[in-house]
Novice: 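Starting off with a structure, shown below.
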Amino acid sequence: MSTRPESRPHVQTVIEAIHTDAFDSWYRDQKIKQHMRDGQPWRHTPASVKPPNQHAPHRLLQCQRRAYYATQNAPKEDAQPTGVFWTGTRIEEDIVLPFLEDVAADVDDTPAYVQNSMWVDYELETDAGELQIRGSTDPVICTRQGDPILPTEVKAKQSFDGLDDEDPTPADRHRAQLHAYLHGLNQTVSYPVQTGLVIYVDREHHDLRAMTVEFDHEFWTKTVCEWMATQSTYRLEGAIPPAEPEHDWECGYCSYRQRCGKGDEPYRDEPVDGFLPLVSYPREQVDRALRAEGGTETLTPALAYHYSELAAQYDVADWHCPSCSEAINWEVIDWDGDLTKPPVCPHCASNNQFATLSGPAPGTQGDSE
């Protein structure tokens, strides 16, 4: 005969413990633990501004402005698409990698092996000066000694609708990324490494298409290296590049569209530093920007209302009235946090005028006390 336990947790207590904030905290801890297991502690350390001449393969041929904002640690306006990244990683590690391993083992009479990734870090001499490329590849088919033979770039796609079956050419950005790997790996061995594969996998059906990419010297020097040189010049001069995405639809998925001027808020061509007033940012991105190496960010009043625990740790900028130019401590204003209805300036209201408050402009928030 079973006996009932003397006590058990109340169901309501368990239910109350399962909520968004608890999950977010748990998931952040899980990612940190996984980064440590993978030997990648840098992935959860404070972000740092990269040297102007340093470039990551995965950013090559992006919109120059997007790449500029990203490398200068401008706060991202949306959450990391963790689910998309997770799916892409699972496709690469659980499907593509085992497939490549079986293929490599069966080719000819000389077995080959697959490394999950290889690190590239090299310098280039260009007309614009020395450029540095640093990053890790996707799976690389290697010799038994571990030397690279065939690098790949794996991309998970929502569908294959945009791929041309008759002219199977990968996107220029994916070609550029693979070219960066080919150029770097070619310097590590005595034989030529001039061919790679861009492998597209359909997320839903797991269909696979592999497209051969031969190293194209003209594409590398005239397109990729010139893009890097231009990006480095903007970063050296601290000048915001033009917003010129390859496709118009990219702006809708950009993490800096409000700052750039492509969103629905009244901002345009904003500098790198500072949060946009009356714009909501995911907590993870706010925390990342506040902890960034050398960062001088302060919370906007709007963010302080939404993330009170961060407001207790970091400085909060004052409310500013664009009409009377008054600066008002954020804690003085009674507001419900509705970003579509910013609070009214009490000074203007006392003079029978109506004006709504905003935060200080980006780039000036660190000056508020």
Side-chain angles (χ1 to χ4, degrees), residues 12-33 43-47 73-82 255-259 263-267 270-322 325-349 355-369:
Q12 187 60 34
T13 303
V14 177
I15 292 174
E16 291 174 356
I18 302 174
H19 55 82
T20 300
D21 290 342
F23 175 78
D24 290 344
S25 178
W26 174 85
Y27 194 59
R28 283 195 299 272
D29 290 342
Q30 295 304 305
K31 287 194 291 185
I32 290 174
K33 292 176 182 177
R43 295 191 64 180
H44 64 262
T45 56
N73 287 340
K76 290 185 176 182
E77 299 155 12
D78 50 16
Q80 289 277 54
T82 307
S255 298
Y256 312 101
R257 55 188 174 276
Q258 305 290 359
R259 183 176 298 270
D264 52 9
E265 299 291 343
Y267 304 106
E270 299 292 344
V272 169
D273 297 329
F275 299 104
L276 297 174
L278 298 175
V279 168
S280 177
Y281 291 82
R283 189 195 184 287
E284 179 182 355
Q285 301 298 352
V286 174
D287 185 63
R288 183 179 185 275
L290 293 169
R291 295 189 305 111
E293 183 179 320
T296 58
E297 309 288 14
T298 58
L299 289 168
T300 63
L303 291 175
Y305 277 94
H306 285 272
Y307 305 117
S308 57
E309 74 283 6
L310 293 178
Q313 302 176 48
Y314 297 96
D315 292 335
V316 180
D318 293 332
W319 285 111
H320 280 241
C321 177
S325 300
E326 285 288 337
I328 307 171
N329 185 283
W330 76 279
E331 293 180 298
V332 173
I333 300 298
D334 185 20
W335 181 52
D336 63 4
D338 185 348
L339 295 173
T340 64
K341 298 177 181 178
V344 174
C345 173
H347 298 286
C348 290
T356 56
L357 297 174
S358 181
T364 66
Q365 292 165 17
D367 300 329
S368 297
E369 294 292 343

Novice: Gln258 side chain to Glu77 main-chain N or O, any donor-acceptor pair under 3.5 Å?
Specialist: no
Novice: Taking the side chain as every heavy atom from C-beta outward, state whether Pro277 and Tyr267 have any atom pair closer than 4.5 Å.
Specialist: yes
Novice: Just wondering, do Trp330 and Asp318 contact through their side chains at under 4.5 Å, heavy atoms?
Specialist: no
Novice: So which heavy atom on Ala355 is nearest to which on Cys321, and how close?
Specialist: CB-SG, 4.0 Å
Novice: Do the non-hydrogen side-chain atoms of Ile333 and Pro346 ever get within less than 4.5 Å of each other?
Specialist: yes
Novice: Could you list the residues that satisfy side-chain hydrogen bond (donor to acceptor under 3.5 Å, both in side chains) with Glu270, not counting sequence neighbours?
Specialist: none
Novice: Under 4.5 Å between any side-chain heavy atoms of Pro342 and Ser358, yes or no?
Specialist: no
Novice: Okay, side chain of Arg259, backbone of Ala74: is any donor-acceptor separation there less than 3.5 Å?
Specialist: no
Novice: Roughly how far, to the nearest 0.5 Å, is the CG atom of Leu299 from the OH atom of Tyr314?
Specialist: 8.5 Å
Novice: Would you say Leu310 and Asp287 make side-chain contact, with heavy atoms under 4.5 Å?
Specialist: yes
Novice: Name all pairs fulfilling the side-chain hydrogen bond (donor to acceptor under 3.5 Å, both in side chains) condition that reach into residues 333-347, sequence neighbours left out, sorted by first residue then second.
Specialist: Asp338-Thr340
Novice: Is there side-chain contact between Phe275 and Val286, with heavy atoms separated by less than 4.5 Å?
Specialist: yes
Novice: Sequence neighbours left out, what passes side chain to side chain contact (heavy atoms under 4.5 Å, CB included) with Glu309? Give chain and number order.
Specialist: Arg283, Tyr307
Novice: Please report the interatomic distance CZ(Arg288) to OH(Tyr281), rounded to the nearest 0.5 Å.
Specialist: 13.5 Å
Novice: Within the 3.5 Å criterion, strictly below it, is a donor on Asp78 or Gln285 matched to an acceptor on the partner's side chain?
Specialist: no
Novice: Does the side chain of Leu278 come within less than 4.5 Å of Thr356's, by heavy atoms?
Specialist: no
Novice: Does a side-chain heavy-atom distance below 4.5 Å link Pro343 with Trp319?
Specialist: yes
Novice: Is there a donor-acceptor pair closer than 3.5 Å between any side-chain N or O of His320 and the backbone N or O of Leu357?
Specialist: no
Novice: Test Asp264 against Arg257 for side-chain contact (heavy atoms from CB on, under 4.5 Å), laying out the working first.
Specialist: CA-CA 9 Å; Asp264 52 9; Arg257 55 188 174 276; over 6 Å; no
Novice: Before you tell me yes or no, could you show the steps for Leu276 and Thr300 under side-chain contact (heavy atoms from CB on, under 4.5 Å), namely the whole-Å CA-CA distance, both residues' side-chain angles and the distance that decides it to 0.1 Å?
Specialist: CA-CA 8 Å; Leu276 297 174; Thr300 63; over 6 Å; no
